[in-house]
S.K.: 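The following block contains the structure, expressed as structure tokens.
Heads up: numbering here begins at 1 and tracks the sequence. Note that these values count all heavy atoms, side chains included, but never hydrogens, waters or copies made by symmetry.
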Amino acid sequence: QVQLVESGGGLVQAGGSLRLSCAASGRTFSMAWFRQAPGKEREFVAAISWNSGGTYYSDSVKGRFTISRDNAENTVYLQMNSLKPVDTAVYYCAARQSPFRTPRTANEYDYWGQGTQVTVSS
């Protein structure tokens, strides 16, 4: 069983930046970030393959967010720039046991963190 712990959330003004981190207690393969705003469904944000050879983004964050990982530290990062109020949500880290795919759907991930709040003020 792998545990995921997110950090780095907070309150920032529109146009600002935040960097989220997600530390895994063991080896993981594909990893991703999802987010959920109040009253909305959880949505895909970004994903990265186990060897960082593939990165994927939702259209809403492409060009503003960057996902990366450090396998030596079992950590994945989400650098968020040019933040907008619509980015306000709880951000969740997810990890997958299988190395063969890097999906964008939540139900294909095996482990989840507890979430970290990101609030962007206008």
S.K.: Would you say Tyr111's side chain and Cys93's backbone share a donor-acceptor pair under 3.5 angstrom?
M.R.: no
S.K.: Decide yes or no for Trp112 and Arg42: does some side-chain heavy atom of the first lie under 4.5 Å from some side-chain heavy atom of the second?
M.R.: yes
S.K.: Just by modelled atom types, is the Val86 backbone N or O under 3.5 Å from a matching donor or acceptor in the Thr88 side chain?
M.R.: no
S.K.: Give the C-alpha distance, both sets of side-chain angles, the deciding distance and a yes or no for side chain to side chain contact (heavy atoms under 4.5 Å, CB included) between Cys22 and Met31.
M.R.: CA-CA 10 Å; Cys22 173; Met31 297 189 75; 4.2 Å; yes
S.K.: First locate atom CG of Leu20, then atom CZ of Arg35, and finally report the distance between them rounded to the nearest 0.5 Å.
M.R.: 11.0 Å
S.K.: What's the shortest heavy-atom distance between Ala89 and Ala37, and which atoms?
M.R.: CB-N, 3.8 Å
S.K.: So which atom in Leu4 and which in Ala24 form the shortest heavy-atom distance, rounded to 0.1 Å?
M.R.: CD2-CB, 3.5 Å
S.K.: Could you tell me whether a side-chain N or O of Thr119 sits under 3.5 Å from a main-chain N or O of Leu11, the two making a donor and an acceptor?
M.R.: no
S.K.: Donor-acceptor pair, distance only, cut-off 3.5 Å: does the side chain of Glu6 make one with the backbone of Gln114?
M.R.: yes
S.K.: Roughly how far, to the nearest 0.5 Å, is OG of Ser122 from NZ of Lys84?
M.R.: 14.0 Å
S.K.: Same cluster for Leu78 and Val12 if Ile/Leu/Val/Met/Phe/Trp/Tyr side chains link at under 4.5 Å?
M.R.: yes
S.K.: Are the side chains of Met80 and Tyr91 in touch, meaning some heavy atoms are under 4.5 Å apart?
M.R.: yes
S.K.: For the CD atom on Gln117, are there more than 12 heavy atoms of other groups (residues, nucleotides or ligands in this structure) within a distance under 6.0 Å?
M.R.: yes
S.K.: Taking side chain as C-beta onward, heavy atoms only, is Phe65 less than 4.5 Å from Asp87?
M.R.: yes
S.K.: Which heavy atom of Ser82 sits nearest to which heavy atom of Arg64, and what is that distance?
M.R.: O-NH1, 2.9 Å
S.K.: If hydrophobic clusters are built by linking Ile, Leu, Val, Met, Phe, Trp and Tyr wherever their side-chain heavy atoms come under 4.5 Å apart, do Leu18 and Trp33 end up in the same one?
M.R.: yes
S.K.: Restricting to non-hydrogen atoms, name the atom on Ser21 and the atom on Thr75 that form the minimum distance, rounded to 0.1 Å.
M.R.: CB-CG2, 4.5 Å
S.K.: I need the minimum non-hydrogen distance between Val61 and Val45, along with the two atoms involved.
M.R.: CG2-O, 3.5 Å
S.K.: Checking Asp70 side chain against Val76 main chain: does a donor-acceptor pair fall under 3.5 Å?
M.R.: no
S.K.: Between Ser58 and Glu43, is there a side-chain heavy-atom distance shorter than 4.5 Å?
M.R.: no
S.K.: Hey, could you give me the CD1/OG1 distance between Ile48 and Thr28, rounded to the nearest 0.5 Å?
M.R.: 10.0 Å
S.K.: Calculate, to the nearest 0.5 Å, the distance between atoms OG and CG belonging to Ser25 and Asn74 respectively.
M.R.: 8.0 Å
S.K.: Look at the side chain of Arg19 and the backbone N and O of Gln79, then say whether any donor-acceptor pair between them is shorter than 3.5 Å.
M.R.: no
S.K.: Taking atom types as modelled, is there a side-chain donor on Glu73 or Asn71 under 3.5 Å from an acceptor on the other?
M.R.: no
S.K.: Between Tyr56 and Phe44, is the ring centre distance below 6.0 Å?
M.R.: no
S.K.: Walk me through whether Tyr109 and Phe34 qualify under ring pair (Phe, Tyr, Trp, His ring centres under 6.0 Å).
M.R.: CA-CA 11 Å; Tyr109 286 86; Phe34 290 78; 5.7 Å; yes
S.K.: Using the side chain to side chain donor-acceptor pair (under 3.5 Å) definition, which of the options Asn51, Thr102, Asp110 pairs with Ser30?
M.R.: Thr102
S.K.: Could you please spell out the steps behind the side chain to side chain contact (heavy atoms under 4.5 Å, CB included) verdict for Thr116 and Tyr92?
M.R.: CA-CA 7 Å; Thr116 185; Tyr92 296 91; over 6 Å; no
S.K.: Using atom types as modelled and distance alone, determine if a side-chain donor or acceptor of Arg69 lies under 3.5 Å from a backbone N or O of Ser49.
M.R.: yes
S.K.: Looking at every non-hydrogen atom in both residues, tell me the closest pair between Tyr57 and Ile67 and how far apart they are.
M.R.: OH-N, 2.9 Å
